[in-house]
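Read through the structure below, which is laid out as structure tokens, and then see the notes.
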Protein chains: 2
Amino acid sequence: MAANASHRDDNLLEDIQTRLETLNKSERKVAEAILRDPSAATRYSIAALARAANVSEPTVNRFCRGFSATGFPDFKIRLAQSIATGTPYVGQNIEPDDTTAEFSDKIMLSTIANLDKARQALNPQAIAHVIDYLIQAKQISFFGMGGSASVAMDAQHKFFRFNIPVSSYDDALMQRMIAAGAGVGDAIVLISYTGRTREVVDIAQLARANGATVIGITNPDSPLAEACTAVLGVTAPEDTEVYMPMSSRIIHLTVIDILATGVTLKRGPDFLEHLKKIKESLKATRFPLN
Amino acid sequence: MAANASHRDDNLLEDIQTRLETLNKSERKVAEAILRDPSAATRYSIAALARAANVSEPTVNRFCRGFSATGFPDFKIRLAQSIATGTPYVGQNIEPDDTTAEFSDKIMLSTIANLDKARQALNPQAIAHVIDYLIQAKQISFFGMGGSASVAMDAQHKFFRFNIPVSSYDDALMQRMIAAGAGVGDAIVLISYTGRTREVVDIAQLARANGATVIGITNPDSPLAEACTAVLGVTAPEDTEVYMPMSSRIIHLTVIDILATGVTLKRGPDFLEHLKKIKESLKATRFPLN
DNA sequence: CAGCCATGTCGTAACTTTACCCAAATAATG
DNA sequence: CATTATTTGGGTAAAGTTACGACATGGCTG
């Protein structure tokens with residue numbers, strides 16, 4: 001896992017994109033040639049790329065060095081990895097005249113990219129702590145409003161399989177009532193994209209004052225994060241683009257998956273039998289596979 | 001977008017792993033040398049790799065050709081992509097004694113891998129059709145049961161912003177009632193992981209018999225898929241592993257994102273104003289940024 | 001108009017690939 | 001069963017590419 005971590009964080013293509021402005025004339029030509037068709041660039045020789053960019057070979061070489069590669073071949077390897085990480089459309093927004101194939105791909109890729117960013121930002125220690133809290137809880141409530149309501153509901157559905165009492169609420173009043181009645185031994189998981197919704201922060205403070213364990217799946221530097229016993233930070237991807245959907249829901253869901261898996265693992269092997277029974281119980285409702 | 005699709009599906013590292021048995025003595029030495037440290041292999045020259053594997057340079061070259069590369073440099077590029085595509089753990093299941101960091105990473109990576117598979121399998125034409133159906137609909141209902149209930153709910157939340165009447169149901173009886181009362185001009189979107197739940201198939205047939213447009217987001221070869229007017233196939237990733245969560249929900253959600261975006265785009269620029277207003281309306285509920 | 005930075009030309013070194021050859025293993029035949 | 005074809009696996013060496021460094025030139029700035 002650590003082995004290739006070093007290559008992970010430097011998304012070369014993104015770098016090229018952002019540094020485009022700061023480059024001088026001929027290096028920009030190289031950058032543009034690469035961005036025009038990044039995957040083709042990985043197949044070019046230095047001579048071919050030089051020709052495509054209308055510059056000389058050493059210029060290409062210097063360009064590569066500028067991006068802290070030891071030379072052109074090294075640069076190509078890094079570029080190849082960067083492409084595979086899935087960013088032909090890095091930063092490229094959805095345009096009104098995109099074809100269905102284009103915007104579909106952009107959405108998929110940006111979702112993937114965001115998940116990967118979240119993966120890198122993951123804090124295993126914090127996750128381990130939250131799992132411990134959840135295991136100790138006598139009762140768990142998942143709260144989410146607006147777009148996070150469905151995440152809370154999904155969490156309930158997943159945690160339902162452990163035999164702790166679990167509920168989810170998308171209604172502010174219900175949430176407030178639960179928070180008011182909560183106490184030591186109760187865990188409340190608050191899911192919020194921004195972590196800035198007043199109502200949600202209020203509820204967190206109320207529950208915590210009553211002695212409940214309050215867990216936030218939210219933006220790490222937000223009022224909500226401060227109000228929680230433990231926080232799983234999901235740095236919100238920028239929401240500047242009109243058409244781009246929020247991928248935060250999807251990251252939140254994946255975090256829920258991780259928590260549920262963590263709880264399952266801690267429960268030990270005898271618990272697996274219980275899970276299998278639940279799975280079996282669904283078979284009767286289905287058409288058999290041929 | 002199509003440009004790099006060709007390289008996408010061939011996971012070289014996996015290939016090497018599986019074909020290891022079928023290789024002859026010295027080619028196996030090469031394979032082993034690569035597998036010993038794949039990311040280091042991308043930095044080797046052909047001579048260095050030959051030395052590491054105790055074979056001659058042409059042997060390495062022949063090995064590369066065996067994996068349908070045009071030569072060693074091409075092979076290295078493909079290897080680099082294969083590593084970046086994120087296969088430290090792909091295929092590797094979660095083990096009971098995994099650390100938090102390990103299983104978290106595995107879940108993230110497998111989710112990403114599944115999303116990428118879905119991306120490749122995407123059928124833009126089918127998506128375009130479904131978008132057309134949704135735009136023409138006078139009313140849209142999203143149906144999902146069990147784990148898909150939250151997906152349906154999320155879809156409702158997203159489509160709510162377009163000013164068509166939208167609802168979502170996770171209750172079989174309600175779904176049946178809606179299906180019974182549906183008619184031409186109504187669109188019903190059924191979300192199901194397996195596509196084999198009897199109840200869901202029934203409902204699809206009922207709604208369709210009444211003239212409603214029935215859209216399935218489900219497994220393409222399933223009874224449900226056959227009962228629908230249009231299907232967005234999401235080939236279900238294998239569900240063999242006990243600990244691994246189903247990533248199908250996440251794929252379904254992303255498909256919902258794509259549909260919602262498609263509808264937004266078709267609605268044209270004046271509609272963006274409407275969306276902005278909705279966004280603005282939420283500001284009052286939040287703590288300001290600083 | 002002097003100096004410096006940006007860019008290109010050319011030659012060389014490193015690397016990859018091809019062509020050729022030998023050895024071992026396998027199959028075939030007397 | 002032995003001996004000889006034949007195929008397969010793999011290495012050596014030379015030819016062909018590709019990339020890199022040193023140096024030269026041209027354009028821009030002060």
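Since the structure is predicted, the reported quantities are computational estimates derived from the model, not experimental observations.
Taking atom CZ on Arg43(A) and atom P on dT16(C), their separation rounds to 19 Å, with Å as the unit. Per the geometry, CZ belonging to Arg51(A) stands 13 Å off C1' belonging to dT17(D), to the nearest Å. Separating the CZ atom of Phe72(A) from the P atom of dT18(D) is a distance of 11 Å, rounded to the nearest angstrom. A straight line from CG of Asn54(A) to P of dT7(C) spans 13 Å, rounded to a whole angstrom. Rounded to an integer number of Å, the gap from Glu27(B) CD to dT8(D) C1' is 11 Å. In this structure, CZ of Phe63(A) is placed 18 Å from C1' of dG8(C), rounded to the nearest angstrom. Atom pair Lys25(A):NZ and dC28(D):C1' shows a separation of 10 Å (rounding to whole Å applied). In this structure, the NZ atom of Lys29(A) is 15 Å from the P atom of dA6(C), given to the nearest Å.
Side-chain atoms of Arg62(A) stay outside donor-acceptor range of the base of dG21(D), with no qualifying N/O pair under 3.5 Å.
A salt bridge links Arg119(B) with Asp105(A): the distance from a Lys NZ or Arg NE/NH1/NH2 to an Asp or Glu carboxylate oxygen falls below 4.0 Å.
Residue Thr218(A) holds its OG1 atom at 11.5 Å from CD of Glu226(A), rounded to the nearest 0.5 Å.
Taking the side chain of Ser26(B) as heavy atoms from C-beta on, and the options dT7(C), dG21(D), dG9(D), the nearest nucleotide is dG9(D). Considering only the side chain of Lys76(B), dT16(C) comes nearest among dT18(C), dG10(D), dT16(C). The listed nucleotides are dT18(C), dA6(C), dT16(C); the one nearest the side chain of Arg65(B) is dT18(C). Closest to the side chain of Ile46(A), out of dT16(C), dA19(D), dA6(C), is dA19(D). Nearest nucleotide to the side chain of Asn61(B), out of dT17(C), dC20(D), dC15(C): dT17(C). Listed nucleotides dG10(D), dG21(D), dG8(C) differ in distance to Ser56(A); the shortest reach to its side chain belongs to dG8(C). Closest contact between the side chain of Ser45(B) and the listed nucleotides dA19(D), dT7(C), dT16(C) involves dT16(C).
Counting non-hydrogen atoms under 4.0 angstrom, Val60(A) reaches nothing in the nucleic acid. Glu57(A) comes within 4.0 angstrom of a base, heavy atoms only.
A cation-pi geometry, defined here as NZ or CZ lying under 6.0 Å from the six-membered ring centre and within 45° of its normal, does not hold between Arg78(B) and Phe67(B).
With hydrogens and angles disregarded, no donor-acceptor distance shorter than 3.5 Å links the side chain of Ser104(A) to the backbone of Pro124(B).
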| request: Begin with the C-alpha distance, continue with both residues' side-chain angles, and end with the deciding distance and a verdict on side-chain contact (heavy atoms from CB on, under 4.5 Å) for Thr261(B) and Ile94(A). | output: CA-CA 9 Å; Thr261(B) 305; Ile94(A) 291 177; 3.9 Å; yes
